[in-house]
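Beneath this line is the structure, given in structure tokens, with notes to follow.
Every value quoted in this text rests on a predicted model; they were computed, and no experiment measured them.
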Amino acid sequence: MTIRFVHRAILASLIAMSSVAQAQDLKQTAVPGHNTETSEQRAARMAWWRDARFGMFIHWGLYAVPAGEWNGRKDLAEWFMDQTGIARADYERFAAQFNPTKYDPEEWVRIAKDAGMKYIVITSKHHEGFAMWDTKGTDYNIAKRTPYAKGVLKPLADAARRAGLHFGTYYSIMDWHDPSQSPAQPGKHYNPTKMDLARKRAYIEEMKTELAELIRETHTEVLWFDGEWMDWWTNEDGRELYAYLRGLDPNLIINNRVGNSRAGSLAGMDKGEGVGDFGTPEQNIPARGFGPGVYWETCMTLNDHWGYNKYDDHWKSPAVIVRNLVDIASKGGNYLLNVGPDATGTIPAPAVAILGDVGSWLKVNGESIYGTGPTPFAGDRGSYSKTEKSGDGKPKWIPRWDWRATSKKGKVYVHLFEWPGKTFRVDAGDVHAKSAYLLADPSHAPLQLAQNGKTLEVQLPDKPLDPVDTVLVIETRD
């Protein structure tokens with residue numbers, strides 16, 4: 001005990017000395033809402049995530065057992081408990097049937113890597129409250145309640161890192177199973193839960209126990225929160241949790257849903273109006289992106305559900321996924337694309353095939369995605385038309401899927417979804433071109449270009465090299 005107290009005293013002294021030194025180094029560019037972290041320090045912490053651009057989301061839990069079907073319904077998945085109103089004790093019985101003997105973390109990582117994805121984020125605990133690792137926070141977990149009898153997160157984290165991928169975990173703040181919370185409409189809906197305020201502090205401490213385990217045992221690099229919209233969870237709660245977690249791992253990256261984010265604006269995150277490090281548009285791509293200093297990531301399903309539904313064959317095509325990825329990157333965002341494994345631990349074959357095709361495109365054109373910034377063409381986030389006819393009377397931007405642009409130092413990548421004929425013409429703004437070629441052309445044969453003021457014209461071959469997206473590279477003097 002004495003030695004432990006001495007170690008704590010020394011650690012506290014070192015932390016205090018470090019804090020003083022850090023305070024002395026602070027610049028005027030401190031990021032609002034992020035304690036003493038400067039914008040430069042934040043950029044360094046976010047660098048790998050920003051450069052990655054493309055990640056795999058995985059929704060996996062007890063809801064995979066009914067596989068979307070219950071009492072004649074075939075449209076269910078991860079919201080099974082809420083959509084059926086099933087009693088907690090009845091839902092718990094799915095745990096006895098959850099035995100993912102075909103789960104192969106190496107195979108999951110191979111699928112993600114072959115798709116060109118650079119990081120993985122998996123559900124550690126969804127709204128159902130079932131933990132996918134052997135946590136001390138609750139015995140309602142995969143190691144204690146299922147025939148599988150062990151956790152699935154650490155093996156996936158280890159496999160990801162062996163393959164050079166980053167690893168993150170999803171965690172729901174709302175818990176449909178926890179006794180501290182009661183259903184909004186008993187027998188009908190759990191969401192949004194009602195908190196017994198006398199139990200709230202104990203519940204938060206339980207959350208901290210579980211989240212500390214994820215940091216310690218899986219070395220998670222991203223904590224992706226969800227289920228934060230209840231009236232009993234506040235931005236103040238989120239700031240407390242954010243500070244606690246960053247104290248455990250200063251390099252941790254945390255999304256905006258750690259606070260009560262649905263009532264706030266993603267665009268306000270760079271002004272200290274939100275909590276967390278990056279915004280999370282869901283199932284949509286913001287038409288105009290966000291301003292400088294705002295990190296964001298669109299999360300999206302590959303079919304129509306996050307969790308496994310055996311009837312859901314409404315898959316996005318490789319072309320749609322590639323163009324979504326390009327559209328997002330052209331606005332400075334990341335794309336987190338979801339798969340829902342079944343109860344055996346198998347990622348559906350159609351998903352694997354589609355992701356493989358996306359990966360084939362990225363093997364040739366990945367340079368135009370990874371580590372890129374948004375379009376450099378002023379006032380044009382790719383190509384959009386503005387109409388005055390929208391429901392709220394405000395101008396509405398409608399995407400035209402003809403082209404988008406990404407950028408790196410010395411290069412602009414023009415993604416040509418629709419072939420413009422023999423000439424690509426653009427208002428280049430402050431971009432000064434010096435040469436051009438097609439990225440998929442192995443010889444990188446130079447294309448004729450001419451720039452008169454801000455008008456840039458590049459002469460193209462008769463046909464595209466890729467029917468989905470042919471990338472025109474413009475080398476610049478900038």
Side-chain angles (χ1 to χ4, degrees), residues 50-55 114-118 285 289 298 316-335 337 354-378 380-384 399-429 431-451 456-478:
R50 179 193 63 232
D51 290 346
R53 288 296 178 227
F54 193 27
D114 285 354
M117 292 159 161
K118 299 297 185 180
I285 302 170
T298 283
K316 292 178 177 64
S317 69
V320 167
I321 293 168
V322 166
R323 292 178 180 186
N324 282 345
L325 174 60
V326 171
D327 191 21
I328 291 166
S330 76
K331 300 166 186 171
N334 282 18
Y335 192 24
L337 186 62
I354 292 165
L355 292 176
D357 287 345
V358 173
S360 295
W361 183 89
L362 280 165
K363 282 182 175 68
V364 176
N365 300 287
E367 175 191 325
S368 67
I369 299 295
Y370 308 125
T372 60
T375 177
F377 300 129
D380 191 0
R381 294 279 179 178
S383 184
Y384 279 78
R400 296 201 314 267
W401 289 99
D402 45 8
W403 65 277
R404 298 288 187 271
T406 55
S407 61
K408 280 181 183 175
K409 185 177 180 180
K411 289 183 179 180
V412 177
Y413 302 93
V414 179
H415 296 259
L416 299 170
F417 303 150
E418 297 178 11
W419 202 242
K422 291 191 174 183
T423 304
F424 174 75
R425 183 180 295 105
V426 66
D427 181 348
V431 173
H432 302 288
K434 63 179 183 180
S435 61
Y437 59 89
L438 298 180
L439 188 56
D441 176 5
S443 68
H444 287 180
L447 302 173
Q448 184 178 348
L449 64 80
Q451 187 165 1
L456 172 63
E457 293 185 351
V458 181
Q459 301 305 308
L460 301 172
D462 292 335
K463 296 180 180 180
L465 300 185
D466 190 300
V468 172
D469 176 8
T470 298
V471 182
L472 167 64
V473 183
I474 299 173
E475 295 185 315
T476 71
R477 299 188 183 93
D478 307 306

Item checked: Audit row: Leu416, Leu460, side chain to side chain contact (heavy atoms under 4.5 Å, CB included) steps and yes/no -> CA-CA 11 Å; Leu416 299 170; Leu460 301 172; 4.0 Å; yes

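Qualifying ring pair (Phe, Tyr, Trp, His ring centres under 6.0 Å) partners for Tyr413, counting only residues two or more places apart in sequence or in other chains: none. With sequence neighbours left out, the side chain to side chain donor-acceptor pair (under 3.5 Å) criterion links Thr372 to no other residue. In this structure, Lys316 has no salt bridge (Lys or Arg N to Asp or Glu O under 4.0 Å) partners at least two apart in sequence or on a different chain. Legend: residues meeting ring pair (Phe, Tyr, Trp, His ring centres under 6.0 Å) with His444, ordered by chain and number and at least two apart, are Tyr437. With sequence neighbours excluded, the residues forming a side chain to side chain contact (heavy atoms under 4.5 Å, CB included) with Ser435 are Glu475, listed by chain and number.
Taking both residues in full, the closest heavy atoms of Lys408 and Glu367 are given as NZ-O, 2.9 Å, listed atom of the first, atom of the second, then distance. Of all heavy-atom pairs spanning Trp361 and Val326, the tightest one is CH2-CG2, 4.0 Å. Contact record, Ala115 with Leu362: O-CD1, 3.3 Å, taken as the closest heavy-atom pair. Listed here is the closest heavy atom pair of Pro464 and Trp419: CB-CE3, 3.4 Å. Nearest approach of Ile354 to Ser317, heavy atoms of both residues: CG2-C, 4.3 Å. Here the shortest heavy-atom pairing between Val412 and Pro376 reads CG2-CG, 3.6 Å.
Listed by first and then second residue, the salt bridge (charged side-chain N to carboxylate O under 4.0 Å, His left out) pairs that reach into residues 439-448 come to none, sequence neighbours excluded.
Applying the 6.0 Å contact sphere to CD of Gln448 captures no more than 12 heavy atoms from other residues, nucleotides or ligands. Around NZ of Lys409, the count of heavy atoms belonging to other residues, nucleotides or ligands within 6.0 Å does not exceed 12.
At a threshold of 4.5 Å between non-hydrogen side-chain atoms, the residues Thr476 and Lys411 do not count as touching. When side chains are defined from C-beta on, Phe377 counts as touching Val431, because their heavy atoms get closer than 4.5 Å.
Proximity of a side-chain donor or acceptor of Arg323 to a complementary backbone N or O of Phe417 within less than 3.5 Å is detected. Tyr335 contributes no side-chain N or O that, together with a main-chain N or O of Ile321, makes up a donor-acceptor pair within less than 3.5 Å. Between the side chain of Arg477 and the backbone N or O of Lys434, no donor-acceptor pair lies under 3.5 Å. Checking side-chain atoms of Arg53 against main-chain N and O of Gly333 turns up a donor-acceptor pair under 3.5 Å. Between the side chain of Thr406 and the main chain of Ser330, no donor-acceptor pair closer than 3.5 Å is present.
Using a 4.0 Å cut-off between charged side-chain N and carboxylate O, Lys331 and Asp327 make a salt bridge.
Tested against His415 for a side chain to side chain contact (heavy atoms under 4.5 Å, CB included), the candidates Thr375, Ile369, Leu472, Leu325 yield a single pass: Ile369. None of Val471, Leu439, Leu438 except one satisfies the side chain to side chain contact (heavy atoms under 4.5 Å, CB included) rule with Leu465; the exception is Leu438.
One finds the CE atom of Met117 at 4.5 Å from the CG atom of Leu337 (value rounded to the nearest 0.5 Å). To the nearest 0.5 Å, the span separating CG on Asn324 from CZ on Phe54 amounts to 9.5 Å. Atom CG of residue Leu456 and atom CD of residue Gln451 lie 5.0 Å apart, to the nearest 0.5 angstrom. In this structure, the separation between CG on Asp51 and CG on Asn334 is 9.0 Å, given to the nearest 0.5 Å. Atom OG1 of Thr423 sits about 3.5 Å away from atom CD of Gln459, to the nearest 0.5 Å.
Ring-plane geometry between Phe424 and Trp403 is classed as perpendicular, the angle between the planes exceeding 60 degrees on a 0 to 90 degree scale with a lower cut at 30.
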